[in-house]
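Chain naming here is simple, since letters A, B, ... match the order of the sequence lines and numbering starts at 1 in each.
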Protein chains: 2
Amino acid sequence: MFGDFRLDEQERDALNAISSKIHKPAKCRIYAQDEPARYLYIIRSGAVRLEYQREDGRNQIFAFLWSDNMFGTTENGLYRASAVTLIDTYLFQIPYPALRTLIESRPRIQALFLQHALKYTKATERHVLLATCSLVTKRLAGFLLECSKQADFFDRHSHILTLAMDRKDIADYLGIALETTSRTLKVLEDMDLIKRLSSQRMQINTEQIQMMMSR
Amino acid sequence: MFGDFRLDEQERDALNAISSKIHKPAKCRIYAQDEPARYLYIIRSGAVRLEYQREDGRNQIFAFLWSDNMFGTTENGLYRASAVTLIDTYLFQIPYPALRTLIESRPRIQALFLQHALKYTKATERHVLLATCSLVTKRLAGFLLECSKQADFFDRHSHILTLAMDRKDIADYLGIALETTSRTLKVLEDMDLIKRLSSQRMQINTEQIQMMMSR
DNA sequence: CGCTTAGTTGACATAGATCAATTAGGGTGG
DNA sequence: CCACCCTAATTGATCTATGTCAACTAAGCG
């Protein structure tokens, strides 16, 4: 909203002073839904999924997050979703009380969090667009495009995308059955939009996918 | 995230000084998707929908907004969605350049926008949950619950909900066909979860709906 | 080399989309 | 005040995409 904002050196130091650097291996729960929210996290490297357990037992993934993303927002002092690492992940862990104090003395730091919040909101809106595509082919194709925006996992030259999540995760993100994920990947392959190299690696034809999406 | 925040009187005056109060009748476009974003808006009274036109021609509604909500966030200087009034609506219109300047001199005002952004994000996450319910009955029931949280449109005593949007709007919000909206309202009525009084007014059984949702 | 888990494929059932027709409601002019 | 019109809402019939259940295969790991 308010353009590009960067902390100056002093501000970064102040924030660093209250943060701890922590490490989590793959498939490790960082916190659980409805647990008191003590920390805010920023991803230094790795990948995380935010998932919401529905009352009926189904799982809804809200977001996949990569380097430089923030997570751990609260509703009435509790985490709204669980956070789970997809792969080996390094994080900044910032205790809320210290953060609140810091922001009071340095209100400019808040701009950083506003910026993150707006970025997350945009991502969630894109998520709504994906999850409400009438055809699953489009949902999945759109999802692969989203993933291919992550430089760490997509090689621009070979066009090879490496997925950090499994079929179930994709299904839970798009609101479909995991079998449908598999089947639809096959459909995309038959349409020559992707080529599966292994279950986690595929070569994707970004332009053609984009064309297909708009029809 | 950072608890409850309120502007003090000085801050409110400063914000007021750069805002204009404007009025829009029902079904009036406030701005269009992809138009340069000049203003941020806050709803004083009324209701607004944010809608995104997909490339394939379908319409996706991102949110219905009520009194006290903010909208008009940008992506690369453009509005991401169109804003359209549902009913007669009064707004604060705040020019972005002036707002940016104001925030530089009074960084605390930013907290207000952070708060709004976080509130909008939560609403969007609830939207994802609704739009990905496997059964349309649950989507619609959940939607009616959401609506019944708006005091202006829901009478807690009689349990009568007045909808500001039409069937098409509901369908575009939930990602279903408008015929399905009608049919599903009938289903809910047959289940004794709602009673339709007129096309825009219905009596809703909040507790029973809540029970049905969790199964 | 077997064991376990993740992914794929098949057969079938069904919820919801689509297309088409009908009804209800709200506003306008005579 | 009534008759008409136009739009919004409802209902019906049919078709299809995707969920579900079940079997099978591939891949990773000890």
Inset, instruction - Report yes if a side-chain nitrogen or oxygen of K186(A) is closer than 4.0 Å to either non-bridging phosphate oxygen (OP1 or OP2) of dT9(C); otherwise report no. - result: yes
Inset, instruction - Verify whether one side chain among Q60(B) and T132(A) offers a donor that lies under 3.5 Å from an acceptor in the other. - result: yes
Legend entry - Interatomic distance, I194(B) CD1 vs dA9(D) C1' [rounded to whole Å]: 13 Å
Inset, instruction - Under 4.0 Å between any heavy atoms, over every strand shown, what does S134(A) touch: base, sugar-phosphate, or nothing? Just pick one. - result: sugar-phosphate
Inset, instruction - Would you classify E189(A) as touching base, sugar-phosphate or nothing, given that sugar-phosphate means primed atoms plus P, OP1 and OP2, and contacts are heavy atoms under 4.0 Å? - result: nothing
Inset, instruction - Assess whether side-chain contact (heavy atoms from CB on, under 4.5 Å) is satisfied between D152(B) and W66(B), documenting all intermediate values. - result: CA-CA 9 Å; D152(B) 299 4; W66(B) 328 91; 5.7 Å; no
Inset, instruction - Could you tell me whether a side-chain N or O of H159(B) sits under 3.5 Å from a main-chain N or O of Q203(B), the two making a donor and an acceptor? - result: no
Inset, instruction - Determine: side-chain N/O of Q200(B) to OP1/OP2 of dA8(D), distance under 4.0 Å, yes or no. - result: no
Inset, instruction - Would you sort out whether M202(A) and L163(A) count as a side-chain contact (heavy atoms from CB on, under 4.5 Å), showing the intermediate values? - result: CA-CA 8 Å; M202(A) 56 185 69; L163(A) 294 173; 3.8 Å; yes
Inset, instruction - For L178(B), report the nucleic acid contact type (base, sugar-phosphate, nothing); a contact means any heavy atom under 4.0 Å. - result: base
Legend entry - D166(A) side chain, from C-beta outward: closest of dA17(C), dG7(C), dT8(C): dG7(C)
Inset, instruction - Among the candidates dA6(C), dG7(C), dT10(D), find the nucleotide nearest to the side-chain atoms of R196(B). - result: dT10(D)
Legend entry - Contact under 4.0 Å: R139(B) side-chain N or O vs dG16(C) OP1/OP2: no
Inset, instruction - Mind calculating the distance between CG (D190(B)) and C1' (dT11(D)) to the nearest angstrom? - result: 13 Å
Legend entry - Nearest to side-chain heavy atoms of T180(A), which nucleotide of dT11(D), dT18(D), dG7(C): dT18(D)
Inset, instruction - Would you classify I176(B) as touching base, sugar-phosphate or nothing, given that sugar-phosphate means primed atoms plus P, OP1 and OP2, and contacts are heavy atoms under 4.0 Å? - result: sugar-phosphate
Legend entry - Value in whole Å for how far the P atom of dA13(C) lies from CG of L135(B): 19 Å
Output a table of nitrogen or oxygen pairs between the protein and nucleotides 21-30 of chain D separated by less than 3.5 Å.
unit_1: dC21(D); atom_1: N4; unit_2: E179(A); atom_2: OE2; d: 3.1

Inset, instruction - Measure from CG on D56(A) to P on dT20(D) and round the result to the nearest Å. - result: 10 Å
Legend entry - Donor-acceptor side-chain pairing of Y120(B) and E125(A) below 3.5 angstrom: yes
Legend entry - Validation row: T89(A), I87(A) side chains within 4.5 angstrom (heavy atoms): yes
Legend entry - Axial cation check for Y173(B) ring with R49(B), 6.0 Å and 45° limits: no
Legend entry - Length of the CG-P vector between L185(A) and dT9(C), whole Å: 10 Å
Inset, instruction - Would you kindly give the CE-to-C1' distance between M202(B) and dA9(D), to the nearest whole Å? - result: 12 Å
